[in-house]
Amino acid sequence: MSGTNWVVGFHAVAAALEREPARVEVVWLGEGVGGSRARTVLELARQAGVRFAVVPRRELDRVAEGAAHNGFAARLAPAPLADAEALLATASPVCLLGLDGVQDPHNLGAVIRVAAAFSLGGVVVAGPHPPPLGGAAAKVAAGTLPLVRVARVGALGDFARQAQEAGFTVLGADARGEPVHRVELPDRLLLCLGGEEGLRAKTQRFLDGVVAIPIAREVESLNLAVACGILAWEWRRRWGET
């Protein structure tokens with residue numbers, strides 16, 4: 001999106017006002033938008049002391065850049081990133097998701113939603129640029145961004161080494177790995193997943209093992225977020241309810 005700090009859509013805007021109102025700078029409603037959803041957003045904005053404005057639909061289209069906004073948008077101050085090393089101090093049982101070279105905001109938003117759904121310890125995004133937490137990522141996360149600690153590191157391999165020193169087992173996800181139902185998942189797990197090109201060689205050097213999700217032979221692979229969801233559920237199933 002043109003401004004990575006814009007979130008669009010009713011659910012994303014309402015969640016921002018409810019969960020982190022201090023970050024919301026302004027709320028926009030499209031001309032002609034009404035009904036219970038508009039009343040809800042306006043009441044939340046008033047309660048939080050956030051200014052709001054009614055703007056032409058073309059202004060919402062501009063900041064949404066193709067995403068479905070349904071007449072709602074909010075500009076947020078930049079989201080504070082978590083400290084990666086602080087995530088390693090999380091008490092057991094804990095599962096962290098490590099994303100290697102994943103910058104697509106839709107995938108990132110979906111992974112964050114998975115992490116929230118299964119009460120994981122956080123998401124660590126490796127790469128040269130800050131993760132795109134606004135715009136499409138926030139919309140796909142559907143209001144769960146405030147529930148998940150997201151950190152950035154330069155190289156996932158270096159973080160994996162630190163995780164091992166902190167008592168974590170580091171597993172990678174790859175179709176050539178051991179079927180996950182046969183693997184003993186530990187109570188301190190860093191689960192590493194790569195983008196389209198897979199895990200970087202440096203990351204692979206620090207893996208304690210590789211797990212796979214058995215799927216039909218006719219299907220080449222699963223979407224990143226779908227794979228995250230299956231593996232996170234499998235870990236959570238073994239280590240207690242959320």
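Predicted model only: the values in this text are computed from it and were never measured.
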Verify same cluster id: [X], [Y] (apolar side-chain graph, 4.5 Å):
{"X": "Leu44", "Y": "Val50", "result": "yes"}
{"X": "Val148", "Y": "Val226", "result": "yes"}
{"X": "Val153", "Y": "Leu193", "result": "no"}
{"X": "Leu42", "Y": "Val27", "result": "yes"}
{"X": "Leu191", "Y": "Val210", "result": "no"}

Closest heavy-atom contact between [X] and [Y]?
{"X": "Arg188", "Y": "Gly167", "result": "CB-O, 3.6 Å"}
{"X": "Val114", "Y": "Ala232", "result": "CG1-CB, 3.9 Å"}
{"X": "Val170", "Y": "Cys192", "result": "CG1-SG, 3.8 Å"}
{"X": "Leu29", "Y": "Ala38", "result": "CD2-CB, 3.9 Å"}
{"X": "Leu81", "Y": "Arg152", "result": "CD1-CB, 4.1 Å"}
{"X": "Leu97", "Y": "Cys228", "result": "CD1-SG, 4.3 Å"}

Roughly how far, to the nearest 0.5 Å, is [atom2] of [Y] from [atom1] of [X]?
{"X": "Asp104", "Y": "Leu224", "atom1": "CG", "atom2": "CG", "answer": "9.0 Å"}
{"X": "Phe159", "Y": "Asp100", "atom1": "CZ", "atom2": "CG", "answer": "12.0 Å"}
{"X": "Arg62", "Y": "Arg58", "atom1": "CZ", "atom2": "CZ", "answer": "10.0 Å"}
{"X": "Phe118", "Y": "Arg237", "atom1": "CZ", "atom2": "CZ", "answer": "12.0 Å"}
{"X": "Leu147", "Y": "Ile112", "atom1": "CG", "atom2": "CD1", "answer": "10.5 Å"}
{"X": "Asn70", "Y": "His11", "atom1": "CG", "atom2": "NE2", "answer": "8.5 Å"}

Determine yes or no for a side-chain-to-main-chain donor-acceptor pair under 3.5 angstrom, with [X] supplying the side chain and [Y] the backbone.
{"X": "Gln204", "Y": "Leu199", "result": "yes"}
{"X": "Gln164", "Y": "Phe206", "result": "yes"}
{"X": "Arg236", "Y": "Ser119", "result": "yes"}
{"X": "Arg149", "Y": "Ala82", "result": "no"}

More than 12 heavy atoms of other groups within 6.0 Å of [X] [atom1]:
{"X": "Glu165", "atom1": "CD", "result": "yes"}
{"X": "Gln47", "atom1": "CD", "result": "yes"}
{"X": "His181", "atom1": "NE2", "result": "yes"}

Would you check if there is a donor-acceptor pair between the side chains of Arg113 and Thr144 at a distance under 3.5 Å? no

Decide yes or no on side chain to side chain contact (heavy atoms under 4.5 Å, CB included) for Leu231 and Ile213, but give the supporting numbers first. CA-CA 8 Å; Leu231 295 172; Ile213 301 170; 3.8 Å; yes

Please report the C-alpha distance between Leu88 and Leu96 in whole Å, then the side-chain angles of each, then the deciding distance to 0.1 Å, and finally whether the side chain to side chain contact (heavy atoms under 4.5 Å, CB included) criterion is met. CA-CA 9 Å; Leu88 298 178; Leu96 304 177; 4.0 Å; yes

Could you walk me through whether Leu76 and Glu20 pass the side chain to side chain contact (heavy atoms under 4.5 Å, CB included) test, one step at a time? CA-CA 9 Å; Leu76 276 60; Glu20 44 185 357; 4.1 Å; yes

Please name the residue in the list Phe52, Trp28, Phe72 that meets the side chain to side chain contact (heavy atoms under 4.5 Å, CB included) test with Val41. Phe72

Using side chain to side chain contact (heavy atoms under 4.5 Å, CB included), reason through Leu185 and Leu171 one step at a time and then give a plain yes or no. CA-CA 9 Å; Leu185 298 179; Leu171 298 179; 3.8 Å; yes

Just so I know, are the side chains of Asn223 and Asn107 near enough to count as touching, which here means a heavy-atom distance under 4.5 Å? yes

Under a 4.5 Å cut-off applied to non-hydrogen side-chain atoms, are Pro93 and Trp235 in contact? yes

